[in-house]
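Inspection log for the structure reproduced underneath, given as structure tokens.
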Amino acid sequence: MAQHKIIFTGPVGAGKTTAIRSLSDIPIVSTDEEASDMTANRKPQTTVAMDYGLLKLDGGERIHLYGTPGQERFDFMWDILTEGGIGLVLLLDNARDRPFQDMTFYINAFSDFIASTQLVVGITRMDERQKPSLAEYYAHMKGLGIKAPIFEVDARSTKDVSALIQALLFSLDPGVTS
Amino acid sequence: MSEQPIKIALFGMDERTTNWMALFLIQATKGVCELVPLGGQEVTVVDLDVANSSRIWFDLRRQFSGPVIVLSLHPKELRDAIWVQKPIKADRLLQVLDEIRSMLKRGSNRVDQVDIPAAQVLSSAPPPERNRAFLAPERIVITSGQGDRSERDGTASAAEKVSKAHSLRHEYCGNLPDEFYKDPLHRKDLFFDPALNLLGVFKEAVQRVKSERASMLISGLGQPLVFCADGERVFCEFNLNFLRPLAALPRSEVSIQLSPPYLDPISAESPADPRSQPLDLLLWSLALWSSRGRVPVDTPLDEPIRLKRWPNLTRLPGVPGAMQMAALWYKQPMDLLTTAVKLKLPYRHVFSFYTACYALNLVEIEQIVSLRSAESEVVSDSPQATVQEKAPNRGLFARILNKIGLG
């Protein structure tokens, strides 16, 4: 049976684990640990290896949902994780100090994967901090030579996370219908 | 040849009245009409001799734009409605149904004008614009109310039919049939002039906020509406849905004024205040209510549309197929008519979505882009973005979309 995967990435606290939990048909397998470094300022626990969730499709097909660890020191895993992936969901925390820097980092880190698949960006915590605006994110992303949908999302909302996946798939093939 | 029964739905009646009316219609009209759930009807029957009748009428018109038979003891002056006096007489009802059948036939593929004796058709307002589904003083314009079969499954309950999806299709996208869009004779019906209605006023307010870097007040709506100086939010005391019926009226019929506010509302700068709303939400909603399947005048129908950036579809009212259209226009500009064909969407959904994007300044005509600059060329398009007839993963993607409940 064919196996497929969608990758979720982004900085610590952006909502990757929560987003996967919103979509997954199984209780997510998480590798959260007590944060002991500067990460603890953002959330008490952080993902040290990866998160794993699953979408079970009719006919037995499975879509694996992988969340990358938020900490940059685990970036050696990312190439392995993305192999054979359908696309990349980048979650950015608008309440962080330098969200543009985060965007640049993750787009560069996954540039090969994005070039061969598709990126979609979700901005979380825009209710806490309105700036940068989506228009400013688009402008920044354009400077990086990337075109991708960007939405304001709440990672706890299945509807919002589903919208990200929908945008990802339609960007890959606008002609697809359910 | 026997004719199909007219599909009738009853609205705003209690259970007892509904049962009584159902019995009367079946026995008195002898197969001329049949009762269907709300959403699948061609004609609605409403009793307005009840408490909150104005509210009932308002709710009905939010959901249904076709012909209505109004039952009342006294004459009712309502748009697109035929008044039938109580006590209802079978002959009179049959006569009205016969007239409606003629209208539906003539309007089955197009909006048409049908002469109705003035005694039967009562108008309260002059037509906001020509060729639209509104009453003229001595004439009535009725749309067939026919949607796609997929939009009229007729199986859902009334409550379900008053669902968001129904609203999205009909309130935001109108009910112009696809034939209109293919027929050059109906080309003029596909356009409206935003400058002549509320959308034009609001766009003007946005421009003035931008140029004067100051808040702008819109008065005359009952409650003040302030466009905040930051150019991103509006401040209003009312629910934005209040503007829905006003969106269809010509500017001349809404006595509104645009001016600097006497006092800058302090709360306007606080997004946490429930009276503070995103400007994009206001413009997007108003554009959809104004559009109803049409695009602004002078929009070229045969030139490719490019989406400069995606609308924030997680926070804006959706249009069916919005994700597909956004994905297409963002990476592969395409004209409006071809878009509908390629994506297998009703034309009115494409036109409405374009108008909403236009209101937020998210779209541009590809020809203009190529003449203006080559800056967008630095951004590489993904080769997967084209509408391929047989994309490799289409089946898989469709199954994922089915799984997540969208698409």
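Numbers restart at 1 for each chain; the letters A, B, ... are given by sequence-line order, proteins then strands. Fair warning: this is a prediction, and the values are worked out from it, not measured in the lab.
For A/D127, there are no salt bridge (Lys or Arg N to Asp or Glu O under 4.0 Å) partners, not counting sequence neighbours.
Between A/L57 and B/R399 the shortest heavy-atom distance is CD2-O, 3.8 Å.
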Checklist entry - Are A/K131 and B/E232 close enough, and set up right, to give a side-chain contact (heavy atoms from CB on, under 4.5 Å), and what steps lead you there? => result CA-CA 11 Å; A/K131 292 287 184 179; B/E232 295 186 359; 2.9 Å; yes
Next on the checklist: Using the rule given for side-chain contact (heavy atoms from CB on, under 4.5 Å), can you reason through B/F397 versus A/F170, listing the C-alpha separation, both sets of side-chain angles and the distance that settles it, and then say yes or no?
Outcome noted: CA-CA 8 Å; B/F397 294 173; A/F170 281 130; over 6 Å; no
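Interface check for chain B: of the options A/S157, A/A135, A/G143, the most heavy-atom pairs under 4.5 Å are formed by A/A135.
To the nearest 0.5 Å, atom CD of residue B/Q324 and atom CG of residue A/L169 are 11.0 Å apart. Put simply, NE2 on A/H4 and CD1 on B/I400 are 7.5 Å apart, with the number rounded to the nearest 0.5 Å. Rounding to the nearest 0.5 Å places NZ of B/K403 at 6.5 Å from CG of A/L55.
A donor-acceptor pair under 3.5 Å is formed between the side chain of A/K147 and the backbone N or O of B/Y330.
Contact of A/L23 with chain B is made through the side chain alone, with heavy-atom distances under 4.5 Å. Neither the backbone nor the side chain of A/L144 comes within contact range of chain B, judged by heavy atoms closer than 4.5 Å.
At least one side-chain heavy atom of A/D160 sits less than 4.5 Å from a side-chain heavy atom of B/R315.
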Under 3.5 Å, which donor-acceptor pairs do the side chains of residues 354-362 of chain B form with other protein atoms, sequence neighbours left out?
from	atom 1	to	atom 2	distance (Å)
B/T355	OG1	B/R294	O	2.7
B/T355	OG1	B/F351	O	3.0
B/N361	OD1	B/K308	NZ	3.3

